Amino acid sequence: MSLVLDAAAQDLLFREARTANSFSDEPVTEEQVQAIYDLVKFGPTAFNQTPLRITLVRSPEARERLVKHMAEGNQAKTAAAPLVSILSADNEFHEELPQLLPHFPQAKDAFFSERPVREQSALVNASLQAAYFIVGVRAAGLAAGPMTGLDFAGVQKEFLDADHTPLMVVNIGKPGENAWFPRSPRLDFDQVVTTV
């Protein structure tokens, strides 16, 4: 195989990693979340923008408020997960560009002065960062349960503001009993890749 990453790491991050549907009661610490972020913040984005925002739902009151906005099939596992995060896109990310892109601080106004442009860029790049976040959760030896079965407008109103667009909710923790559904098929290389 022509990958540099060893087989155990490939299994941890991809081949054996699955979306968890149940979790143990072992807590996920602030230190673990900090380590995950400190790793995944290096993932590439356009203009080095960082629109992803992570809202950790830790208190029982906040969890109850979130669960009511989840699709019925996602409610029980969201209520029981050791940690739940709401991943959102900050549509005002451009305000940070002078700090994040010091060699081209004028990018803020040159490319992102109009809200629709910012919203599109925030959606694409925060989604990319969300994927890095899920892989980072796996790198920490934890399982992630990303979900888009939720009332997005309700989550935004309950936890965010008009400048933040919810992308997904991710349950995080050590997998519990019967955490996995059977592995679903994936498309083969020739079905996906075209050379021109």
Side-chain angles (χ1 to χ4, degrees), residues 1-45 52-58 62-64 66-89 123-152 155 159 165-193:
M1 185 164 305
S2 58
L3 298 176
V4 174
L5 205 60
D6 69 48
Q10 293 172 40
D11 288 344
L12 176 70
L13 299 177
F14 296 100
R15 284 193 292 261
E16 300 299 325
R18 310 279 283 285
T19 295
N21 293 292
S22 71
F23 296 89
S24 75
D25 58 3
E26 184 178 330
V28 176
T29 67
E30 243 1 82
E31 292 78 16
Q32 287 173 301
V33 178
Q34 178 78 48
I36 291 165
Y37 180 74
D38 285 342
L39 176 65
V40 303
K41 69 183 180 184
F42 294 109
T45 58
L52 181 69
R53 297 295 177 264
I54 304 165
T55 303
L56 301 178
V57 182
R58 288 200 180 272
R63 184 75 62 99
E64 188 175 317
L66 176 61
V67 167
K68 72 181 182 183
H69 295 293
M70 301 303 294
E72 186 176 338
N74 292 332
Q75 289 180 348
K77 57 189 170 186
T78 302
L83 180 61
V84 180
S85 61
I86 301 167
L87 304 187
S88 62
L123 176 64
V124 169
N125 287 281
S127 296
L128 186 59
Q129 288 185 285
Y132 299 143
F133 180 77
I134 292 166
V135 173
V137 168
R138 294 171 174 180
L142 301 170
M147 299 167 291
T148 56
L150 56 112
D151 173 6
F152 285 91
V155 168
F159 292 95
T165 304
L167 302 172
M168 67 186 70
V169 169
V170 182
N171 293 331
I172 303 169
K174 292 281 187 182
E177 289 186 36
N178 302 314
W180 322 117
F181 294 142
R183 170 73 79 188
S184 295
R186 298 296 193 267
L187 296 177
D188 290 331
F189 180 88
D190 293 339
Q191 294 175 278
V192 174
V193 178

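Every value quoted in this text rests on a predicted model; they were computed, and no experiment measured them.
The two residues Ser88 and Ala126 have their closest heavy-atom pair at O-CB, 4.3 Å. The two atoms that bring Ala81 and Phe23 nearest to each other are CB-CD1, 3.8 Å, heavy atoms only. Closest approach of Leu87 and Ala130 over heavy atoms only: CD1-CB, 3.7 Å. Scanning all heavy atoms of the two residues, the minimum distance from Thr19 to Gly145 falls at CG2-CA, 3.8 Å. In plain terms, the two heavy atoms of Pro82 and Gly173 that are nearest each other are CG-CA, 4.0 Å. Residues Gly136 and Ile36 approach most closely at O-CG1, 3.7 Å, considering heavy atoms.
Residue Leu52 holds its CG atom at 7.5 Å from CZ of Phe133, rounded to the nearest 0.5 Å. Separation of atoms CZ (Phe152) and CG (Leu167) is listed at 7.5 Å; rounding is to 0.5 Å. A distance of 8.5 Å separates CG of Asn171 from CG of Leu83, quoted to the nearest 0.5 Å. Within the model, atoms CD1 of Ile86 and CZ of Arg53 stand 14.5 Å from one another, a figure rounded to the nearest 0.5 Å. Between the CG atom of Asn21 and the CH2 atom of Trp180 there is a distance of 8.5 Å, given to the nearest 0.5 Å. Rounding to the nearest 0.5 angstrom, the gap separating the NZ atom in Lys77 from the OG atom in Ser22 is 9.5 Å.
Environment of CD in Gln191: crowded, with over 12 heavy atoms of neighbouring residues, nucleotides or ligands closer than 6.0 Å. Crowding of Asp6 atom CG: a count of heavy atoms from other residues, nucleotides or ligands under 6.0 Å exceeding 12.
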- Item | Audit row: Val84, Ile172, side-chain contact (heavy atoms from CB on, under 4.5 Å) steps and yes/no | CA-CA 6 Å; Val84 180; Ile172 303 169; over 6 Å; no

- Taking it one step at a time, do Tyr132 and Leu128 satisfy side-chain contact (heavy atoms from CB on, under 4.5 Å)? CA-CA 7 Å; Tyr132 299 143; Leu128 186 59; 3.6 Å; yes

### Message
side-chain contact (heavy atoms from CB on, under 4.5 Å) for Met147 and Met168? Distances and angles first, verdict last.
### Response
CA-CA 6 Å; Met147 299 167 291; Met168 67 186 70; over 6 Å; no

What's the verdict on side-chain contact (heavy atoms from CB on, under 4.5 Å) for Leu123 and Thr165, showing C-alpha distance, side-chain angles and the deciding distance? CA-CA 8 Å; Leu123 176 64; Thr165 304; 5.6 Å; no

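Of the possible donor and acceptor atoms, one in the side chain of Asn74 sits under 3.5 Å from a partner among the backbone N and O of Gly149. No side-chain donor-acceptor contact under 3.5 Å links Arg18 to the backbone of Ala179. For the pair Gln10 (side chain) and Leu5 (backbone), a donor-acceptor distance under 3.5 Å is present. Counting only distance, with no hydrogens or angles, the side chain of Arg15 and the backbone of Ala9 share no donor-acceptor pair below 3.5 Å. For the pair Lys68 (side chain) and Gln75 (backbone), a donor-acceptor distance under 3.5 Å is absent. The backbone N or O of Ile54 sits nowhere less than 3.5 Å from a side-chain atom of Ser85 that would complete a donor-acceptor pair. Remark: side-chain polar atoms of Asp188 are not paired, donor with acceptor, to backbone N or O of Asp190 under 3.5 angstrom.
Between Val135 and Val40, every side-chain heavy-atom pair lies at or beyond the 4.5 Å cut-off.
For residues 19-39, the pairs satisfying salt bridge (Lys or Arg N to Asp or Glu O under 4.0 Å) are Glu30-Arg58, Asp38-Lys41, with sequence neighbours left out. Annotation: salt bridge (Lys or Arg N to Asp or Glu O under 4.0 Å) contacts involving residues 133-143, sequence neighbours excluded, are absent.
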